[in-house]
Enquirer: 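The following block contains the structure, expressed as structure tokens.
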Amino acid sequence: MTATGMRTHTCGELRAADAGTEVVVCGWVARRREHGEHLAFVDIRDYSGLVQCVVDGSVEARTEWVVRVAGTVRMRPAGTENPELATGQVELADCTVEVLARAEPPPFPVDDRTESDEAVRLRYRYVDIRRPRMQANLRLRARVTDAMRLSMVRQGFCEVETPLLWTPTPEGAREFAVPSRLHPGDFYVLPQSPQIAKQLLMVAGIDRYFQVARCLRDEDLRADRQFEFTQLDVEMSFVTQADVQDAVTAVVVAATQAAVGEEPGEVARLTWRESMERFGTDKPDLRFGMELVDLSAALAGTEARALQAPSVQAIVVAGAAGLGRGRLDALVERAKGLGAAGLAWFKVGEGGALDSPLSKFLDDDATAAIAAGTGAAPGDLVLVVADEWRRACEVLGQLRLDLGRPPVSEGPRRFCWVTDFPLFEGVDEEGRPVPAHHPFTMPHPDDLDVLERHPLAVRSQAYDLVLNGWELGSGSIRIHREDIQRRVFDALGVSAEQAEARFGFLLGAFRYGAPPHGGFAVGIDRFVALLAGEENIREVIAFPKTQSGTDPMTGAPKPLGEAELRALGLRPPRR
RNA sequence: GGUCCUGUGGUGCAGUUUGGAGUGCACGCCGGCCUGUCAAGCCGGAGGUCGCGGGUUCAAAUCCCGUCAGGACCGCCA
């Protein structure tokens, strides 16, 4: 399958069984070892690996030159095998080397041994991608999307493409605007996601839709966020939450199997509330313990002012009682930086005695409550945050990650579903509830009665898929009934006119017979990064942007000429 | 918009704390030697705006201010 008109084999596939075969391989010169004018070794590299070629004489080709090598596969002489190489049992003998293209010395070594400056890697990305690590990452990514498509199709889903040139839908993420040449002054936007399009496809009777979809958001970049990213976008009709979660679980399990050759273990399930209580976050990393302990009741009557708050939460840092004052002060500063009023620490000594700046304010009951409640052992450090419930949990959840989280590449893959998110996430400056997901998210049926009276207590039929502390994606059952949608818009303070102006085409479509439906989207960049053991999604994207949104290779973004701007109905900006 | 880290031949680093000659290490590159290496080895050589600008000082890679680039994070990401 890999033979072409120019080659018979790829470099990395040659094995002992090929001994005696005359072959032709093509690739780049990885290294050259010359032993005078009578013997030289040239390592040829292509995407499949590396093979050693033996040349009886000197070699014209230099590092990264592109060559075509004809020779005979033979077993290496006894004692010269290289167990480090997949092809290390054999070599190509009696080689003739044809130079297909000369090359300048590469700007950095084309191997995985040193990590070069990322700006330089991106500028010469076409060289960077020759490295085994990048080759492996991009091929892993391809296996993941292949497996996802296969799993979707087998489950009866239909892949449908949706427009990249979409219509502005204010609110949500900042959108990239595309000026219209035929309608000067008007704009398309690039979709933040195909959310509305896929709901329209449900009204259209597609029943089970999926798409490997590019999404674009003009928001600041991060290790796990690029302007453009790829989602496995899914939507299903006549389903419950469990149906969507089952379909998505099957996909990610199949993709994990295809990518790394092993099935993940049980996919855990916990409610948003449980996740916050136990891990202080809605995207828990289940690879390690250090769960939060609620000391609110135990310390309700404490004299210590610093611990008087609606909620008192704690974590135990095993064996950390020896931390010096500098490290402890840094932890306190970190907690304050995360929004906590403060952070209390207790070193657990022999016999359970607590050493802390707060010791003198604590009676024996309180001391016993902290020791018993947390189960801390001598030598451990207990960290306590007293604040509003959510803030106390979130601050300790972050400290838990700071102090206990293993590297991305370590440990098992622990998927979990987080369900029953609140429908609203606090209130804005005007006291209006802010939707936690999007405004088409169906409220939990048990909470519908209190939508008007206690909106912040309403749970939604929204759910996230989390893998080792990374949010892989989210989804929900959508509102398909006009009366419920009206009530949610009312709660959000969106008038009928505003709703019509923003989403009129969707609401209009719903009047023509909308099936109950729900869906999900998996962030493929993050998923692949986790499977590849990479901390950064740029490592699994061929041509990513820098943190400031530039491309060092092409120089984008660049100014457009004045004439081009005017043709688009735009005026050159003042700089 | 903000906080923090980094910037030294092509690459990776040390040197910056405590100012004293562009000093050092490894790789790469160029030339020579070398018939079993595989990160080959040995000998020789070239290669520098210490990111950029300003300031302090007799003297700045080193101290101060500003700025640019890359990165991590906060805000932001319905």
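Here is the naming used below: chain letters follow the sequence lines, and residue numbers restart at 1 for every chain.
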Enquirer: Select base, sugar-phosphate, or nothing to describe what A:Pro77 touches, counting heavy atoms under 4.0 Å on all strands.
Expert: base

Enquirer: When rounded to the nearest Å, what value does the distance between C1' atoms of B:G19 and B:G31 take?
Expert: 40 Å

Enquirer: Which nucleotide in the list B:A72, B:U37, B:C76 gets nearest to the side chain of A:Glu219?
Expert: B:C76

Enquirer: Any strand is fair game: report the nucleotide pairing with B:U11 by Watson-Crick or G-U wobble, both distances under 3.5 Å, or none.
Expert: B:A26

Enquirer: Go through the N and O atoms of the side chain of A:Arg225 and the base of B:C77, and report whether any donor-acceptor pair is under 3.5 Å.
Expert: yes

Enquirer: Could you state the CG-C1' distance from A:Asp117 to B:G71, rounded to the nearest angstrom?
Expert: 9 Å

Enquirer: Say you pick atom P in B:C29 and the same atom in B:A72; how far apart are they, in whole Å?
Expert: 31 Å

Enquirer: Could you please name the partner base of B:C58, counting Watson-Crick and G-U wobble pairs only when both distances are under 3.5 Å?
Expert: B:G20

Enquirer: Could you please name the option among B:U11, B:G36, B:C29 that lies closest to any side-chain atom of A:Thr63?
Expert: B:C29

Enquirer: Base, sugar-phosphate, or nothing: which does A:Ser548 touch, judged by heavy atoms less than 4.0 Å apart?
Expert: sugar-phosphate

Enquirer: Determine which nucleotide pairs with B:A72, using a 3.5 Å limit on both distances of a Watson-Crick or G-U wobble pair.
Expert: B:U3

Enquirer: Scan side-chain atoms only and decide if A:Asp18 and A:Thr21 contain a donor-acceptor pair under the 3.5 Å cut-off.
Expert: no

Enquirer: Atom CG of A:Leu403 and atom CG of A:Leu396: how far apart are they, to the nearest 0.5 Å?
Expert: 10.0 Å

Enquirer: Quantified in whole Å, what is the P atom distance between nucleotide B:C13 and nucleotide B:U6?
Expert: 12 Å

Enquirer: What's the CD-C1' distance between A:Glu118 and B:U11, to the nearest Å?
Expert: 16 Å

Enquirer: Kindly say if A:Arg33 contacts the phosphate of B:U37, meaning a side-chain N or O under 4.0 Å from OP1 or OP2.
Expert: no

Enquirer: When rounded to the nearest Å, what value does the distance between C1' atoms of B:C65 and B:A46 take?
Expert: 38 Å

Enquirer: For the base of B:G71, is there a side-chain donor-acceptor partner from A:Glu535 under 3.5 Å away?
Expert: no

Enquirer: For A:Glu333, answer base if it contacts any base atom (sugar-phosphate contacts may also be present), sugar-phosphate if it contacts only those atoms, and nothing otherwise; contact means non-hydrogen atoms under 4.0 Å.
Expert: nothing

Enquirer: Apply side-chain contact (heavy atoms from CB on, under 4.5 Å) to the pair A:Glu539 and A:Arg133, showing each step before the final yes or no.
Expert: CA-CA 9 Å; A:Glu539 301 297 343; A:Arg133 172 194 186 183; 3.5 Å; yes

Enquirer: Name the residue closer to the 5' end of RNA chain B, choosing between A:Glu37 and A:Gly337 according to the nucleotide with the nearest heavy atom.
Expert: A:Glu37

Enquirer: When both hydrogen-bonding distances must be under 3.5 Å and the geometry is Watson-Crick or G-U wobble, what is B:G53 paired with, if anything?
Expert: B:C65

Enquirer: Given atom CZ of A:Arg32 and atom C1' of B:C29, what is their separation to the nearest angstrom?
Expert: 11 Å

Enquirer: Given the C1' atoms of B:U62 and B:A14, what is the spacing between them in whole Å?
Expert: 14 Å

Enquirer: Assign A:Pro439 to base, sugar-phosphate, or nothing according to its heavy-atom contacts below 4.0 angstrom with the strands shown.
Expert: base

Enquirer: Above 12 or not: heavy atoms from other molecules or residues under 6.0 Å from OH of A:Tyr47?
Expert: yes

Enquirer: Between A:Asp128 (CG) and B:G12 (P), how many Å, whole number?
Expert: 12 Å

Enquirer: Around atom CD of A:Glu219, are there more than 12 heavy atoms from other residues, nucleotides or ligands closer than 6.0 Å?
Expert: yes

Enquirer: In Watson-Crick or G-U wobble terms, both distances under 3.5 Å, what is the partner of B:A46?
Expert: none

Enquirer: Please indicate yes or no: is the ring centre of A:His35 less than 5.5 Å from the centre of the six-membered base ring of B:G36, with the two planes inclined by under 30 degrees?
Expert: no

Enquirer: Please indicate whether A:Glu452 has more than 12 foreign heavy atoms, meaning atoms of other residues, nucleotides or ligands, lying under 6.0 Å from its CD.
Expert: yes

Enquirer: For A:Phe41 and B:U37, do the ring centres fall under 5.5 Å apart while the planes stay under 30° apart?
Expert: yes

Enquirer: I need the A:Asp420 CG to A:His444 NE2 distance, nearest 0.5 Å.
Expert: 4.5 Å

Enquirer: Report which part of the nucleic acid A:Thr441 touches: base, sugar-phosphate, or nothing (heavy-atom distance under 4.0 Å, all strands).
Expert: nothing

Enquirer: Just name whichever nucleotide pairs with B:U37, Watson-Crick or G-U, keeping both distances under 3.5 Å, else none.
Expert: none

Enquirer: B:A40 P sits how many Å from A:Leu85 CG, rounded?
Expert: 11 Å

Enquirer: Please classify the nucleic acid contact of A:Arg538 as base, sugar-phosphate, or nothing, using heavy-atom distances under 4.0 Å.
Expert: sugar-phosphate

Enquirer: Return the nearest nucleotide to the side chain of A:Asn82; candidates are B:C29, B:C38, B:G75.
Expert: B:C38

Enquirer: Which is true for A:Gln398 with a 4.0 Å heavy-atom rule: it touches a base, it touches only sugar-phosphate, or it touches nothing?
Expert: nothing

Enquirer: Give a yes or no on whether A:Glu104 atom CD has more than 12 heavy-atom contacts from other residues, nucleotides or ligands under 6.0 Å away.
Expert: no

Enquirer: Nearest-nucleotide wise, let me know which of A:Pro109 and A:Pro435 is further upstream toward the 5' end of RNA chain B.
Expert: A:Pro109

Enquirer: Examine B:A72: is either OP1 or OP2 under 4.0 Å from a nitrogen or oxygen in the side chain of A:Gln547? Give yes or no.
Expert: yes

Enquirer: Identify which nucleotide among B:G75, B:G31, B:G36 has an atom closest to any side-chain atom of A:Arg62, counting heavy atoms from C-beta outward.
Expert: B:G31

Enquirer: Tell me what A:Arg526 touches on the nucleic acid: a base, only sugar-phosphate, or nothing, going by heavy atoms under 4.0 Å.
Expert: nothing

Enquirer: Could you check which of B:U35, B:C73, B:G36 has an atom nearest any side-chain atom of A:Ala223?
Expert: B:C73

Enquirer: More than 12 non-hydrogen atoms from neighbouring residues, nucleotides or ligands closer than 6.0 Å to CZ on A:Arg502, yes or no?
Expert: yes

Enquirer: Quickly work out the A:Ile44 CD1 to B:C38 C1' distance and round it to whole Å.
Expert: 13 Å

Enquirer: By nearest atom, which of the nucleotides B:A39, B:G36, B:U11 is closest to the A:Val120 side chain?
Expert: B:U11

Enquirer: May I ask you to verify whether the side chain of A:Asp220 and the base of B:G75 hold a donor-acceptor pair under 3.5 Å?
Expert: yes

Enquirer: Within this structure, what is the CZ-to-C1' distance between A:Arg125 and B:G70, rounded to whole angstrom?
Expert: 14 Å

Enquirer: With a 4.0 Å cut-off on heavy atoms, is A:Thr80 in touch with a base, just the backbone sugar-phosphate, or nothing at all?
Expert: base

Enquirer: If I pick the P atom on B:C50 and the same atom on B:G75, what distance separates them, to the nearest angstrom?
Expert: 40 Å

Enquirer: Under 4.0 angstrom, heavy atoms only, what part of the nucleic acid is A:Asn536 near: base, sugar-phosphate, or nothing?
Expert: sugar-phosphate

Enquirer: Of the listed nucleotides (B:A39, B:G36, B:G70), which one gets closest to any side-chain atom of A:Thr546?
Expert: B:G70

Enquirer: Need one value for A:Glu84: base, sugar-phosphate or nothing, where a base atom within 4.0 Å counts as base even if backbone is also close, heavy atoms only.
Expert: nothing

Enquirer: Taking only N and O in the side chain of A:Arg222, is any of them less than 4.0 Å away from OP1 or OP2 of B:C76?
Expert: no

Enquirer: Would you mind telling me which of B:U37, B:C77, B:U35 lies closest to the side-chain atoms of A:Arg217?
Expert: B:C77

Enquirer: Side chain of A:Arg174 only, heavy atoms from C-beta on: which candidate in B:C76, B:G36, B:U11 is closest?
Expert: B:C76

Enquirer: Nearest to the side chain of A:Arg31 - B:C38, B:C76, B:G12?
Expert: B:C38

Enquirer: What residue among A:Arg478, A:His480, A:Gln199 forms side chain to side chain donor-acceptor pair (under 3.5 Å) with A:His517?
Expert: A:Gln199

Enquirer: How far, in whole Å, is B:U18 from B:A61 if one measures between their C1' atoms?
Expert: 15 Å

